[in-house]
Amino acid sequence: MALIVQKFGGTSVADSDKILAAARRAIQAHNRGDRVLMVVSARGHTTDELVALAKEITETPPAREMDMLLSTGEQVSVALMAMAIESLGVPAISFTGAQIGLVTDSFHTRARIRNISTERMLQALGEGKIVIVAGFQGVDENYNITTLGRGGSDTTAVALAAVLGADGCEIYTDVDGVYTTDPRVVPEARKIDRISYDEMLELASLGAGVMHSRSIEFAKKYGVPIHVRSSFSDAPGTWIVDEESARRAGAVVTGAALAKDEARITILGVPDRPGVVHGIFRTIGASHLVVDMIVQNVATSGKTEVSFTVAKGDLAETLRAAESAARECGASGVTHDADVAKVSVVGLGMRTGTGVATAMFEAIAKAGFNIQMITTSEIKISVLVRRSEAVAALRAVHEAFRLDRGTVEESPFVPRRSDTLMDLVPLVEASGDGQPPRTLGMEDLVIGGVELDESQARITLFHVPDRPGYAAKVFRAIADAGVFVDMIVQNVGAAGDSILSFTVPRESAERAVEAVRPTSSHEIAVEPAMAKLSVIGVGMRTHTGVATRMFAALAERGINVNLINTSEVRINVGTDVDRGREGLECLQRAFALTRDNARPL
Ligand code: ADP
Ligand code: ASP
Ligand code: MG
């Protein structure tokens with residue numbers, strides 16, 4: 001007898017007809033003999049309306065009371081759903097987060113799940129009932145109601161599937177799957193049949209609102225297959241599964257995403273010495289702000305610029321933290337731009353495929369847009385552009401990778417639960433250096449390993465003009481020379497121009513420089529050998545603490561960081577090649593990894 005979790009989003013329970021339709025779907029599975037647990041969101045725009053109502057009373061509602069308010073939306077839905085199911089003749093019971101013992105930390109409005117007791121749910125399922133749980137909510141140790149962050153019902157659903165050992169988690173929503181990009185923004189987008197956890201994690205955290213990114217962390221860690229599908233049709237949707245099951249021939253890029261409401265913050269004239277970056281992110285990380293696109297320039301005359309992006313809504317709070325960090329480290333100032341958006345492409349094939357960066361930059365150049373910042377990871381490239389140009393840039397990129405011409409799979413896909421990382425890797429609690437181990441919360445950061453790569457060289461171009469087409473020209477020349485590029489970072493420089501750095505295999509460094517020289521009359525610096533240190537885990541970007549801890553450990557040893565890039569599954573930094581081994585050892589110690597358990601995830 002299978003156990004399945006079915007999650008219904010806001011539009012899928014917007015009115016009584018839709019609630020009854022969702023109820024029938026659950027009953028269908030129940031009648032097949034499955035045990036069914038439903039997770040339900042607030043109806044329609046309820047959560048938005050509650051937020052607006054609070055803002056009518058005060059601009060700064062206390063976070064605890066916000067959670068008290070927002071959790072009511074889901075409570076209405078579960079009660080109505082239980083009534084609907086009972087009215088159709090099947091026994092059902094609804095629970096709030098507190099009633100099933102879904103315990104979180106105390107970070108109101110962005111709480112993380114610590115543990116869930118399964119007893120009450122299993123008992124009700126054992127009695128043949130359909131169990132309906134309110135999404136998005138829990139309680140902290142003191143029974144204060146908490147919520148998991150907007151869109152968090154997905155995370156409730158996958159977390160329940162994980163603790164109950166369910167066979168799968170079905171996400172019923174208003175689209176019939178995960179598309180190559182948001183179909184509301186680019187109508188030519190195509191449905192993806194299968195996508196790996198890592199790709200979905202990146203897409204979700206880079207702006208694809210179809211799934212809450214933390215739900216994919218759960219799915220990956222606990223091996224839960226997810227089926228995203230329409231609540232209004234029986235069409236097969238998209239499977240989010242392990243890498244082996246997701247592998248498809250051909251495409252290098254799987255999808256593209258847009259994060260429209262971003263803001264850039266740049267700290268100018270940062271002294272280039274060990275520990276400074278750490279100081280900056282410690283101050284910012286203390287506020288639990290999620291920071292992305294962290295970019296640091298190669299220093300000129302002992303000073304450098306550090307830029308990063310945050311959600312526009314977090315700008316004011318982040319600026320306060322950045323200004324105090326700048327004062328502390330003796331930087332010359334802080335600038336920001338609240339008018340930017342991030343366009344990204346994601347695909348497993350990028351690990352080995354070449355030319356993705358070139359094609360992306362060329363598409364944006366052809367559309368006539370300037371790229372302000374660039375960051376990459378093994379499976380994604382993100383660029384920062386003006387907000388007003390972002391949708392057109394996304395379209396251009398989507399078309400350039402022919403994402404509008406995908407084929408849809410004919411044969412049905414049969415998923416299986418994948419191995420869980422929670423068994424495979426001795427997971428390390430990652431919150432306190434050298435402190436006695438603490439029981440791991442379900443959403444605590446897990447670190448799988450630390451790596452050192454000494455095989456690369458770094459090339460830097462200074463005074464890159466701030467106009468469309470430059471990055472495209474540089475990477476076209478490098479691609480034509482047949483050189484594989486790994487990390488790319490471009491940051492805004494102090495003089496309103498940019499600095500562009502990238503890494504290539506050591507043996508290709510000269511070839512790359514020769515290829516680039518004719519494209520620019522600008523100063524080029526080559527670091528013929530460098531060390532790349534990586535910390536590997538799951539959900540690295542949302543756990544701001546991990547970057548802070550990494551920078552702290554390196555700073556303590558006086559190891560200077562001169563290049564940073566981050567993704568959901570790893571944080572990479574560049575350092576001097578002769579400090580690489582030492583850096584590796586100090587990171588292993590900082591993350592309490594011994595040689596035996598320092599296995600990559
Ligand atoms: P629910 O209320 O069911 O959780 P959401 O609004 O959170 O639904 O998510 C579904 C929406 O996500 C879609 O209507 C679509 O506009 C948006 N979306 C963004 N990116 C994508 C994508 N890559 N594929 C599918 N939908 C996407
Ligand atoms: N109702 C919550 C929200 O609108 C949670 C969710 O729908 O996932 O953000
Ligand atoms: Mg949602």
Side-chain angles (χ1 to χ4, degrees), residues 6-14 18 22 38-52 66-67 69-78 97 109-111 133-138 145-160 169-193 195 199-216 226-232 235 237-240 253-260 343-347 391 394 397-398 403-404 406:
Q6 297 186 330
K7 179 253 170 182
F8 291 87
T11 23
S12 312
V13 290
K18 292 198 171 119
M38 297 172 93
V39 171
V40 197
S41 291
R43 287 174 310 134
H45 299 292
T46 304
T47 312
D48 290 335
E49 285 157 18
L50 292 171
V51 171
M66 241 2 233
D67 280 350
L69 177 69
L70 297 190
S71 64
T72 61
E74 271 69 13
Q75 194 170 333
V76 170
S77 298
V78 288
T109 74
R110 45 189 169 211
V133 176
F136 174 58
Q137 56 173 265
I145 293 178
T146 53
T147 64
L148 307 180
R150 295 305 306 272
S153 293
D154 298 329
T155 294
T156 307
V158 182
L160 292 181
C169 182
E170 298 178 340
I171 303 286
Y172 288 95
T173 182
D174 60 0
V175 267
D176 60 359
V178 177
Y179 277 62
T180 48
T181 196
D182 188 342
R184 278 194 227 174
V185 179
V186 181
E188 296 79 24
R190 302 282 302 232
K191 186 163 76 186
I192 301 169
D193 303 308
I195 185 167
E199 289 169 310
M200 194 63 228
L201 250 180
E202 286 292 347
L203 280 176
S205 97
L206 294 169
V210 61
M211 290 296 294
H212 197 229
S213 75
R214 281 161 49 196
S215 69
I216 313 297
I226 300 178
H227 191 188
V228 182
R229 51 191 307 197
S230 166
S231 29
F232 312 121
T238 300
W239 285 99
I240 307 171
V253 169
T254 305
L258 170 63
K260 216 169 165 199
V343 176
S344 310
V345 296
V346 171
V391 170
L394 175 71
V397 168
H398 192 265
L403 293 176
D404 47 347

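What's counted below: heavy atoms across the whole structure, side chains too, no hydrogens, waters or symmetry copies. Note that ligands are numbered from 1 as they come in the structure, with each ligand's atoms numbered from 1 the same way. Small disclaimer: the values here were computed from a predicted structure and weren't measured.
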Worksheet item: Crowded around R43 CZ? As in, over 12 foreign heavy atoms under 6.0 Å?
Response: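 Atom CZ in R43 is not packed in, count stays at 12 or less.
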
Closest by any non-hydrogen atom to [atom]: pick that one out of [options].
atom                    : options               : value
atom 14 (O) of ligand 1 : R184, H45, R150, K191 : R184
atom 24 (N) of ligand 1 : Y179, Y172, F8        : Y179
atom 7 (O) of ligand 1  : S231, G209, G44       : G209

Verify, without hydrogens or angle tests, whether [X] (side chain) and [Y] (backbone) share a donor-acceptor contact under 3.5 angstrom.
X    : Y    : value
E202 : V346 : no
S215 : T155 : no
T238 : I192 : yes
T146 : G138 : yes
S77  : S41  : yes
H227 : G237 : yes
R214 : L148 : yes
S231 : T173 : yes

Worksheet item: Can a non-hydrogen atom of S153 be found less than 4.0 Å from any atom of ligand 1?
Response: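 It does not; every heavy atom stays at 4.0 Å or beyond.
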
Worksheet item: Would you say P183 touches ligand 1, if touching means a heavy atom closer than 4.0 Å?
Response: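 Within the 4.0 Å threshold, so yes.
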
Write out the residue and atom name of the closest protein heavy atom to [atom], then the distance separating them to 0.1 Å.
atom                    : result
atom 7 (O) of ligand 2  : S41 OG, 3.2 Å
atom 2 (O) of ligand 1  : G10 N, 3.2 Å
atom 21 (C) of ligand 1 : D182 CA, 3.6 Å
atom 6 (C) of ligand 2  : S153 OG, 3.4 Å
atom 9 (O) of ligand 2  : R150 NE, 2.6 Å
atom 25 (C) of ligand 1 : G177 O, 3.4 Å
atom 11 (C) of ligand 1 : D174 OD1, 3.8 Å

Can you find an N or O of [X] that's nearer than 3.5 Å to an N or O of ligand 1?
X    : answer
T11  : no
S12  : no
D154 : no
T180 : no

Compare all side-chain heavy atoms of [X] with those of [Y] and state whether any distance is below 4.5 angstrom.
X    : Y    : result
V78  : V133 : no
D174 : R184 : yes
I240 : I216 : yes

Would you mind listing which atoms of ligand 1 come within a distance below 4.0 Å of any non-hydrogen atom of [X]?
X    : answer
V178 : 24 (N)
T173 : 1 (P), 3 (O), 8 (O), 9 (O), 10 (C)
K7   : 4 (O)
A208 : 20 (N)

Practice prompt. Give the intermediate values and the outcome of salt bridge (Lys or Arg N to Asp or Glu O under 4.0 Å) for residues D182 and K260.
Written response: CA-CA 12 Å; D182 188 342; K260 216 169 165 199; over 6 Å; no

Practice prompt. For a salt bridge (Lys or Arg N to Asp or Glu O under 4.0 Å) with D176, tell me which candidate from R229, K191, R190 qualifies.
Written response: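 It is K191; the other options fail the test.
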
Worksheet entry | Contact partition for H212 relative to ligand 2, non-hydrogen atoms under 4.0 Å |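 None of H212 does.
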
Could you tell me which atoms of ligand 2, counted from 1 in the order shown, lie closer than 4.0 angstrom to a heavy atom of [X]?
X    : result
E74  : 1 (N), 2 (C), 5 (C)
T47  : 1 (N), 2 (C), 3 (C), 4 (O)
G152 : 5 (C), 8 (O)

Practice prompt. Dump the intermediate steps for side-chain contact (heavy atoms from CB on, under 4.5 Å) on D48 and R150, then the final yes or no.
Written response: CA-CA 10 Å; D48 290 335; R150 295 305 306 272; 3.0 Å; yes

Fill in: 4.0 Å heavy-atom contact, G9 with ligand 2
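G9 does not count as a contact of ligand 2 under the 4.0 Å cut-off.
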
Worksheet item: So among V178, D154, V210, V39, which one has a side chain to side chain contact (heavy atoms under 4.5 Å, CB included) with I171?
Response: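 It is D154; the other options fail the test.
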
Worksheet item: Once you round to the nearest 0.5 Å, how far does OG1 of T47 lie from CZ of F136?
Response: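 Result: 5.5 Å between the selected atoms.
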
Between [X] and ligand 1, which residue portion shows a heavy-atom distance shorter than 4.0 Å: side chain, backbone, both, or neither?
X    : answer
M211 : neither
T181 : backbone
V210 : both

Discussion item. Considering both backbone and side-chain atoms of G151, is one of its nitrogen or oxygen atoms within less than 3.5 Å of a nitrogen or oxygen in ligand 2?
Written reply: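 Yes; the residue has a nitrogen or oxygen that sits under 3.5 Å from a nitrogen or oxygen of the ligand.
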
Discussion item. Geometry only, no angles: is D154 polar-contacting ligand 2 at N/O separations under 3.5 Å?
Written reply: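 No; the residue has no nitrogen or oxygen that sits under 3.5 Å from a nitrogen or oxygen of the ligand.
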
